[in-house]
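Structure first, then comments.
Order of listing sets the numbers, starting from 1, for every ligand and every atom in it. We number each residue from 1, following the sequence as shown.
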Amino acid sequence: MMTFEGLGIDARLIQATTELGYINPTAIQEQAIPILLSGTNDFIGLAQTGTGKTAAFGLPLLHIIDATAKYPQALVVCPTRELCMQIVKEVELFKKYMTGVSVVAVYGGASIGLQIRDLKRGVQIIVATPGRLIDLIERKAINLEQIKYVVLDEADEMLNMGFQDDIEFILKNTPQRDSTWLFSATMPAEIKKVSKRYMKDPKEVTVGKVNMANKSIDHQYYVTTAHHRYETLKRIIDFNPGIYGIIFTRTKLDAQEISERLTREGYDIDALHGDLTQGQRDKVMGQFREKSLQLLIATDVAARGIDVQGITHVINFELPDDVEIYTHRSGRTGRAGNHGICVSIVHAKEAYKLKQIERINNSQFHKLDIPSGKDVCRKQFFHFMDKLLSTDISHGDYETYVPMLAEKFADISKEEILKRVAAMEFDRFLKYYENSEDLNIRERDRTIKREPNADRNDRSRSRDADRGDSRKEYKGGGGYSRLFVNLGTKDGFFKASFLQFVLDMSDLKKEVLGKIDMKDMNSWIEIDKGSAQQMIRALDGKKYKGRSIRMNDADSGGRR
Ligand code: AMP
């Protein structure tokens, strides 16, 4: 097996990496380091996050810069402040035994004055985010004249974030560049364009397959209705008591609302989104890193560049439209060879998206049943028992209290003590999940639904043609049934959420519905006659918040 010595790295760097526990180079390190050590080759490294690419460029940079010359020689550009700090932290560790080498991080949201002061101290390596770097260039507070090596890290993310012009500006402002090293998880057309324009005959190294998701990630999905997404999310969290994860949402409003709702329900979670000030963002990230937050909920943009070790789960509250975004999200887990799980909550109609991701990422999804309330309670119970059994009692002065405890519990059996302890811990779960409903969309439900749906489509097409697609005209035609249902505003529904609920449950389109009349306890729904039975079959007898739903045709003997 290849060693760092074998790659020709400076002994002082090897000493530091050995202390960090790096025994053998990773695949990207093994292939990139010999090329990069020359200092004259342009380079493209296609590697996912978590493959050890920071060391793949960090070690050669430290090896080839001139520690005696006190001016900037290397520039690393990366998409986010978090990544920037992470890179500097690693480079600091690598250079532990090298004297006279200085590295500085410049990124937005922090005092530019302090960064200018740091730069003036005579640094050799600058790690920067594009925005702040350009700010410094324009203020003439940074001198890139003598930069010899430019590293573009997570180049695809930078382009995704709209930094294309900034990157070109930076490349144009480094006239003495001997080599450009570009690292990216994917190879979109924009990267090819940048490399064509600014790089000379780059040597390309690919680790794994381009666009291929990390093999150590298990891609799982759960199918439910849009209406049950939140409940499903809670089940997933509750079913994984040791979870340390990031939940992704499409919008900051979702991130904010879900975070608030979960916080109210007792979960350790906070949101990361674009509306936060840098101070708030740092606070959230700090708490998440030190694990005082178990969960982080974030939008894609806000989460870019986040590199936190030990993430057990990435949860897609909704699937992203873009396969690349899925890759970036899932790449937050399963890092450095650890196992990770990427869970997606999907709607039955999104199966095609899963296929697309599977095809492009060359990965495979596993469909899982949404755990029942019982499953969740059982899992929590086992987790608790393990915690109880593995609690360290060697350090406390517990012996002193044993006689007192023994006396207090003298008349209570061991079973009863266990029950009480369990009740203290599980009351919340047991009560919550007592009458919980099945959140899965069953194949059985779907086959029942499919036939009348297809049937309806044919009829509705000719009907739509007849009525010129005008609702009002059609309503007068008397083609509606009125359905009674024992759900109303007391169940927490507003008209819009109720509409969404019945449509999700029945897999019907909103065009089939007419007027909806909601009362406290009951509602009446006008529905296209051809779809009435499908809706009744989908809802009647199902559970909502533990209560059985009753639905029937109000005009054929049903309640009014
Ligand atoms: P990166 O892809 O640079 O974010 O690295 C992912 C993780 O792998 C970091 O925590 C590194 O400290 C770790 N790492 C990098 N190179 C090695 C190596 N050769 N052996 C063991 N761990 C490594």
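For ligand 1, the atoms lying closer than 4.0 Å to a non-hydrogen atom of T54 are 1 (P), 3 (O), 4 (O). If you number the atoms of ligand 1 from 1 as listed, the ones under 4.0 Å from a heavy atom of T26 come out as 16 (N), 17 (C), 18 (C), 19 (N). Within ligand 1, counting atoms from 1 as listed, the ones closer than 4.0 Å to a heavy atom of Q309 are 10 (O). Distances below 4.0 Å separate heavy atoms of N24 from the following atoms of ligand 1: 18 (C), 19 (N), 20 (N). Ligand 1 places these atoms under 4.0 Å from at least one heavy atom of T51: 2 (O).
In terms of N/O distances under 3.5 Å, ligand 1 is approached by G50. Looking at ligand 1, you won't find any N or O of G21 less than 3.5 Å from one of its N or O atoms.
Between I297 and I246 the shortest side-chain heavy-atom distance does not fall below 4.5 Å. The side-chain heavy atoms of M158 and P130, taken from C-beta on, include a pair separated by under 4.5 Å.
Other residues, nucleotides and ligands contribute over 12 non-hydrogen atoms within 6.0 Å of the NZ atom of K353.
Residues that satisfy the side-chain contact (heavy atoms from CB on, under 4.5 Å) test with F426, not counting sequence neighbours, are Q380, F381, F384, A422, F429, L430. Partners of D392 by side-chain contact (heavy atoms from CB on, under 4.5 Å), not counting sequence neighbours, listed by chain and number: S394, H395.
The shell of residues lying under 4.0 angstrom from ligand 1, judged by heavy atoms, excludes I28.
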**OP:** Using the ring pair (Phe, Tyr, Trp, His ring centres under 6.0 Å) rule, take F169 and Y198 through it: C-alpha gap first, then chi angles, then the decisive distance, then the call.
**Re:** CA-CA 11 Å; F169 184 85; Y198 296 97; over 10 Å; no
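For the pair E92 and K89, the salt-bridge criterion is not met [side-chain N within less than 4.0 Å of a carboxylate O].
Neither the backbone nor the side chain of F57 has a heavy atom within less than 4.0 Å of ligand 1.
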